[in-house]
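These notes concern the structure reproduced below.
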Amino acid sequence: MSVMGNTTPPPMAEGKLSRREWLLSDRPASRTQAKLGRAYVSWRRFAENRLALIGLIIILALVLVAIFADLLAPYSPTIGDLANARLLAPAWDHWLGTDDQGRDILSRLIYGSRLTLYVVVLVAVIAAPIGLLVGTVSGYAGGWVDAVLMRITDIFLAFPKLVLALALVAALGPGIENAVIAIAITSWPPYARIARAETMQVRNSDYISAVRLMGASPIRIVLRHIMPLCMSSLIVRVTLDMAGIILTAAGLGFLGLGAQPPLPEWGAMIASGRRFILDQWWVAAAPGVAILLVSLGFNLLGDGLRDALDPRSAGQ
Amino acid sequence: MSVASDTQPAPRGRRARSLVKSLLSFLVVVVVTYLGLLAVTFFIGRVIPVDPVLAIVGDRAPANVVERTREELGFNEPLTTQFVIYVQKALSGDFGRSVLTTNPVMTDIKRVFPATIELATLGTILGAVLGIPLGVLAAVRRGGWLDQIVRIIGLVGYSVPIFWLGLLALLVFYARLQWVGGPGRIDVVYEYTFTPITGFYLLDAIIQRDWSAFNNILSHLALPSLLLGYFSLAYISRMTRSFMLNELSQEYIVAARAKGLSERRIVWRHALRNAAVPLVTVIALSYAGLLEGSVLTETVFAWPGLGLYITNSLQNADMNAVLGGTIVIGSVFIAINLLSDLLYRLLDPRTRAR
Amino acid sequence: MSAPLLDVQNLAVRFPTRTGTVEAVRGVSFTLGRERLGIVGESGSGKSQTGRAILGLTAPSAQVTADRLRFDGQDLLTISNAERRRLRGKRIAMVLQDPKYSLDPVMSIGRQIVETLRTHERVSRSEARKRALAMLEAVQIRDPERVFDLYPHEVSGGMGQRAMIAMMLIAGPELLIADEPTSALDVTVQLEILAILDSLVRDKGMGLIFVSHDLRLVSSFCDRVLVMYAGRVVEELAAKDLSQAQHPYTQGLLNCMPKIGASRHPLPVLERQAEWAR
């Protein structure tokens, strides 16, 4: 905190304030200040939670590893030394050993982080907006639109997600893009439910009525005034779902329906290591640890976000 | 002053009528959901593939077979007619023939499904029997060491890939320590002496009083059911803890203490009885989760159930079998939802009256 | 005066939190015979925590200290938890604010009343049922047989609070702590509940601590009034002397009550002073 003493605080009418005081002011002078203040309070609550910080660090590490994979990986992820380096045990040359193709497992894990991130981000980018749109429209319109949309949502909710994703991939053909599509199609319904619940809460509030009286169109109301309100609970839910998405994607990879060889997808790596599990157990063990770590990171981060943004359910 | 007949509920007759009404609307929901399930599988099987007939009979089928199947399945009809035929067939349990086994898909499923049910049921029982008390105690001693353990069990359970844990467990407890039986439901030796009757092997062994087979079956069942039990436990204990914390902070708990009840009675009779209402749904969801997780577990343990059947069919592009399996698992999901909803109504007097 | 029913000297309730200790009750002292004592204050003044501390129902994190906390000669601070529990419901009972939340929603009203009785007395099932029905009648429920089998959500707020009173009085306690017992009810029902409470307390010769934020209600219902502010008793006086209240906070509370015919402009506002809280 003391380091910040040098930076000039934003100009304020009533004398000098430290940056902290400015953020925590109960009379914010602008919307930006109010927003920053709220974000600061949430961050403080989040940062008090040590486990959540660990989660954040794991996810940041994942992102950095994915970005700098070229620099970090000591070997090529796809081309191995078949002649000399098959199924080597972990050692100085190969920290995590090598697989049956003579490829360095650590390098494959490092490059695999890109695929994991790719799947997670893409699923979130596809599924969350679908859920948001269905939920807000359903909640705002009400009546038969709501009834029909929620019926469809419930139908999808009642489905076995993994099995449905399997069937979808079976029809679409294996591959990482199709796995993403299959997971996205099966994971939007909870988001729609959340968005609808939030929308119903604010739909009849005075400020939405005020906006309506000013002549705003329903589209504008939903887009500009309702959707932003749903964001925080949606972000929490999406973060908590990330672990599930990673596990599903890895499961599809394990069954040979996700990323195809020679892509270093973690689930597929476990599948190929399975054949050597009795003697060269590290081939299958290492990618599992990577999946476990990243899922754990998202779970810890999601729990922390939920506690910080929604103090009511903290600790439960 | 003493007129105190201001109770709100409807008289018995109206209550019964409203129960019938809610059951009817529930039935409508089930029918619509089931039709939705069929529509989605229809879409997956008939609309997405470039040539659905090839997807069903396989690429290598001769041209006359392809043509005959196309005619038989009414693929020359418009899609809506096809869908009607599809629904009719599905309702009568006709999912076509499997390319892989050449049996009707329904026959195959009847053969393999008990194995899946046996595993999932045992896993859920383990998860509930251990998970509920654990969750209760974690909530009662919030922040204590048991609470931390439940937290860790939950976090790991939510984060670990089940197939990977299964592989490691096989490596350690079967290959290295040899404490348990390996993949499959029973040793090959017994294949000639042991005859399945119900398909639930444990039950069959008891019926036939074949105790050596029983022990063998149990040793095969131990690892996968414990593994599934762990995942069920992780979910159930975490949810129990959260429900219990919620109940224990309610005013009626203060009132129960003011009455002089013992802590034990307050926790297990009052708080848990209230938490049991949403817990029913959690246990049902956990059961459903284990059923669908079977596609991964059964692959790892070579467990000849529906999950393995689906994944084997997938690898052989046997679309009828995949969709048949999907519909069966989906139907069980819907049935479980129905059952848990009914139980919920039974347990909660507040919904009973509605 | 013989030994009082309840003797409280310098009672304090503290809640340690991350940002420091919150002192909910700071040195409250009073004695109580078989009379009706009102404790008045705004929310957060510590009046409810005082009542709960007497019963031993403060949250587990709370620290309760006192120079003296005696009930009928027994030192409540030194007796075991089990002994304390045996007192609760049997000799000291409490009526809570809102029957919608303070009755177990999944247990029928009759069973909840029977439960209190069978916790403290060895009685047969049929005997317990008979006494519960009689108790329901005593709180002026006309159709006890029917209400016995109803669930809390099936009865109105007034009926629920009668059931609550029945549940708390069935074991015949000598001291009843009523924590805002009518605040959650409709105005018309409030008077009925108060009348029932009044006659039961009078008939059985119980002591009553009536916790409320409503000064007028307390003064008309109780013999004596404690006024609490920020965890302290700022004034203690007989109910009939209320108009001669000395403390500016009590006067402020009294002034805030609208009088018919008096000018309503400007609306009186309580002007707080820091030294009240010292």
Side-chain angles (χ1 to χ4, degrees), chain B residues 1-12 14-15 18 139-144 243 245-280 343-354, chain C residues 52 55-57 60 81-82 84-108 112-113 115-117 119-120 137 139-143 146-147 150-159 162 164 167-168 170-171 177 179 189 191-192 195-196:
Chain B
M1 176 61 78
S2 66
V3 195
S5 60
D6 46 345
T7 48
Q8 289 162 343
R12 299 244 173 229
R14 210 192 302 163
R15 201 191 286 185
S18 77
V140 170
R141 302 216 166 78
R142 188 178 180 181
F243 293 149
L245 282 179
N246 181 40
E247 294 302 334
L248 286 171
S249 67
Q250 300 293 318
E251 279 287 289
Y252 72 83
I253 297 293
V254 178
R257 291 212 173 95
K259 282 160 78 172
L261 303 189
S262 67
E263 258 332 273
R264 197 195 299 167
R265 194 175 169 88
I266 290 170
V267 168
W268 297 95
R269 275 302 289 279
H270 286 273
L272 183 59
R273 178 64 184 71
N274 275 277
V277 177
L279 260 183
V280 167
L343 260 174
Y344 192 108
R345 278 154 205 264
L346 224 64
L347 279 174
D348 190 346
R350 281 162 295 191
T351 54
R352 237 183 274 161
R354 248 184 261 141
Chain C
R52 291 191 181 198
L55 270 168
L57 289 182
N81 280 339
R84 194 104 192 242
R85 198 170 65 226
R86 251 172 267 135
L87 284 179
R88 285 202 288 265
K90 175 71 184 159
R91 303 191 63 192
I92 314 177
M94 178 161 82
V95 172
L96 285 90
Q97 181 170 356
D98 192 342
K100 222 186 304 166
Y101 303 110
S102 51
L103 292 169
D104 185 339
V106 301
M107 197 185 255
S108 73
Q112 295 192 45
I113 298 173
E115 191 182 34
T116 311
L117 188 60
T119 302
H120 298 290
E137 217 158 333
V139 293
Q140 300 181 0
I141 286 175
R142 222 177 27 172
D143 193 356
R146 194 174 60 88
V147 175
L150 292 180
Y151 285 91
H153 75 277
E154 296 177 309
V155 301
S156 66
M159 177 85 85
R162 288 162 208 254
M164 179 82 199
M167 179 170 92
M168 287 305 178
I170 189 155
I177 298 168
D179 190 355
V189 187
L191 292 175
E192 292 175 26
I196 292 169

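Chain naming here is simple, since letters A, B, ... match the order of the sequence lines and numbering starts at 1 in each. Reckoned from all heavy atoms, side chains included, excluding hydrogens, waters and symmetry mates. Everything quoted here is computed from the prediction, not taken from an experiment.
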Region of [X] that comes under 4.5 Å of a non-hydrogen atom in chain B:
X       : result
R52(C)  : side chain
T119(C) : side chain
R85(C)  : both
L103(C) : backbone

Find the one option among R88(C), K100(C), R84(C) whose heavy-atom pairs under 4.5 Å with chain B are most numerous.
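The option with the most such pairs is R88(C).
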
Who among K259(B), H270(B), E251(B) has the most heavy-atom pairs with chain C under 4.5 Å?
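Top count of heavy-atom pairs under 4.5 Å with chain C: K259(B).
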
As an exercise: rank A271(B), A258(B), A255(B) by heavy-atom pairs under 4.5 Å with chain C and give me the winner.
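Of the options given, most contacts go to A258(B).
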
Could you tell me the separation between the OH atom of Y151(C) and the CZ atom of R350(B), rounded to the nearest 0.5 Å?
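Separation between the atoms: 11.0 Å.
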
CD1/I253(B) to CG/L57(C) distance, rounded to the nearest 0.5 angstrom?
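One finds 11.5 Å between CD1 of I253(B) and CG of L57(C).
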
Using the salt bridge (Lys or Arg N to Asp or Glu O under 4.0 Å) rule, collect all pairs that involve residues 260-269 of chain B, keeping only residues at least two apart or in two chains.
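Listed by first then second residue: R257(B)-E263(B), R265(B)-E115(C).
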
Applying the side chain to side chain contact (heavy atoms under 4.5 Å, CB included) criterion to P105(C), which one of V277(B), D348(B), N274(B) satisfies it?
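The side chain to side chain contact (heavy atoms under 4.5 Å, CB included) with P105(C) is passed solely by N274(B) among V277(B), D348(B), N274(B).
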
Show which side-chain atoms of residues 89-97 of chain C pair as donor or acceptor with protein atoms under 3.5 Å away, not counting sequence neighbours.
unit_1	atom_1	unit_2	atom_2	d
R91(C)	NE	E174(C)	OE2	2.8
R91(C)	NH2	D72(C)	OD2	2.5
R91(C)	NH2	E174(C)	OE1	2.8

